[in-house]
Number of protein chains: 2
Amino acid sequence: MYVKIDFSSDEAFYIQLRNQIIYGIATSKIQEGDNLPSVRELAENIGINMHTVNKAYAILKQEGYIKLDRRKGAVIAIDMNKLQAIEEMKENLRVIFAKAICKNISCEEAHKIVDQIFDEFERG
Amino acid sequence: MYVKIDFSSDEAFYIQLRNQIIYGIATSKIQEGDNLPSVRELAENIGINMHTVNKAYAILKQEGYIKLDRRKGAVIAIDMNKLQAIEEMKENLRVIFAKAICKNISCEEAHKIVDQIFDEFERG
DNA sequence: GTACTGTTATATTATATATATAACAGATAT
DNA sequence: ATATCTGTTATATATATAATATAACAGTAC
């Protein structure tokens with residue numbers, strides 16, 4: 001599970017880090033029960049501050065992707081509240097597909113792209 | 001075309017405003033050639049600062065949703081660069097569907113939700 | 001001229017981001 | 001017991017972004 005931060009990106013480090021860990025779970029590079037590096041170790045590896053990693057972990061915990069174990073540290077543990085996850089997904093998709101409609105992207109084209117992305121993740 | 005800002009939201013005012021104008025275009029409440037209210041007028045109506053509205057307009061212009069006419073002010077004018085729009089859409093969808101896969105939402109379920117959202121916009 | 005556009009400049013306040021140093025409580029191994 | 005590892009909390013600082021305020025500018029229109 002390699003993590004790379006784009007220091008020239010306008011996206012906050014802790015958001016980039018959170019997304020990459022979510023990508024790791026989606027592509028099965030890390031899975032339920034696996035433990036993440038400690039905040040200090042990961043911060044050292046990436047070259048960012050410990051508190052920035054800690055913020056990413058805190059958000060992943062709050063969003064239901066990890067749990068924190070005093071012994072093992074941060075452990076992948078998906079909170080499977082599908083209804084809630086679907087509602088949040090819908091809200092995010094509305095903005096994206098509103099843009100798509102403005103740019104004349106059809107529902108069929110959107111479906112093709114959805115398949116493409118799911119394929120990407122399933123192939124790792 | 002009514003615009004409402006959620007003052008308690010953690011989303012920036014100018015982002016909320018931009019999104020609502022995009023929703024307006026996607027639902028055909030406003031269309032190609034229509035002009036938006038002036039920055040001062042809209043700011044007054046919503047109860048926010050002129051510069052915040054101006055920022056939203058500047059972004060909408062940069063993203064290819066409006067053009068600025070010295071005479072008419074801001075006018076809806078979609079820049080139809082589909083390839084670019086599709087690439088941007090893909091990038092945004094990756095994060096959302098990575099989350100979906102973590103939360104055990106299937107590709108089929110995603111497709112259903114896509115249809116739902118496109119329906120919402122087409123019905124207005 | 002007067003009134004309307006978006007735009008720019010300058011300044012201020014508040015919040016978010018990222019860093020740094022330090023300490024704490026619980027777990028673990030030596 | 002001591003040392004070492006967890007996440008967590010506290011405090012402080014620097015920087016960037018967001019939102020506001022007041023003011024002016026260059027076109028356009030009546």
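Residue numbers start from 1 in every chain, and the chains themselves are labelled A, B, ... in the order their sequence lines are given, proteins ahead of strands.
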Below 4.5 Å, heavy atoms only, C-beta onward: do A:I46 and A:L17 meet side chain to side chain?
-> yes

Can you check whether A:F121 and B:F97 have ring centres sitting under 6.0 Å from each other?
-> no

Check whether any side-chain N or O of A:K72 sits under 4.0 Å from OP1 or OP2 of C:dG26, and answer yes or no.
-> no

Polar pairs (N or O, both sides) under 3.5 Å between protein and nucleotides 26-30 of chain D?
none

Stems for DNA chain C (at least 3 consecutive Watson-Crick or G-U pairs, under 3.5 Å) come to C:1-4 with D:27-30, C:6-24 with D:7-25, C:26-30 with D:1-5

For A:Y57 and B:F7, take the nucleotide of DNA chain D holding the closest heavy atom to each; which residue's nucleotide lies nearer the 5' end?
-> A:Y57

Taking only the side-chain nitrogens and oxygens of B:N54, find out if one of them lies under 4.0 Å from OP1 or OP2 of C:dG6.
-> no

Are B:F13 and B:F7 an aromatic pair by the rule of ring centers under 6.0 Å?
-> yes

Classify the nucleic acid contact of A:K55 as base, sugar-phosphate or nothing, counting any heavy atom under 4.0 Å across all strands shown.
-> sugar-phosphate

Presence of donor-acceptor pair under 3.5 Å, side chain of B:H51 and base of C:dT7 | no

Look at atom CD of A:E44 and say whether more than 12 heavy atoms of other residues, nucleotides or ligands are closer to it than 6.0 Å.
-> no

Beyond-backbone contact of A:Q31 with A:I25, side-chain heavy atoms, under 4.5 angstrom = no

Can a cation-pi geometry be assigned to A:K103 and B:Y65, taking NZ or CZ under 6.0 Å from the six-membered ring centre and within 45° of the ring axis?
-> yes

Rounded to the nearest Å, what distance is computed from the CZ atom of residue B:F13 to the P atom of nucleotide D:dT17?
-> 18 Å

Does A:N49 have a side-chain nitrogen or oxygen under 4.0 Å from the phosphate oxygens OP1 or OP2 of C:dA18?
-> no

To the nearest Å, give me how far apart CD1 (A:I48) and C1' (C:dT19) are.
-> 11 Å

Does atom NZ of B:K72 have more than 12 heavy-atom neighbours from other groups under 6.0 Å away?
-> no

Report the C-alpha distance between A:L42 and A:L36 in whole Å, list the side-chain angles of each, state the deciding distance to 0.1 Å, and finish with yes or no for side-chain contact (heavy atoms from CB on, under 4.5 Å).
-> CA-CA 9 Å; A:L42 188 50; A:L36 294 173; 6.0 Å; no

Out of D:dA19, D:dT9, D:dG7, which nucleotide sits closest to the side chain of A:V39?
-> D:dG7

Should B:T52 be listed as having a side-chain N or O under 4.0 Å from OP1 or OP2 of D:dA19?
-> no

Looking only at heavy atoms, the pair that brings B:F118 and A:S106 closest together is CE2-C, 3.9 Å

Of the nucleotides D:dG7, D:dT6, C:dT17, which has the atom closest to the A:Y14 side chain?
-> C:dT17

Closest to the 5' end of DNA chain C, once B:E41 and A:M50 are matched to their nearest nucleotides, is B:E41

Side-chain-base donor-acceptor pair under 3.5 Å for B:R40 and D:dT22 | no

Checking all strands, does B:K67 fall into the base, sugar-phosphate, or nothing category for heavy-atom contacts under 4.0 angstrom?
-> nothing

Base, sugar-phosphate, or nothing for A:A58, non-hydrogen atoms under 4.0 angstrom?
-> nothing

Would B:K82 and A:E109 pass as an ion pair if we require N to O under 4.0 Å?
-> yes

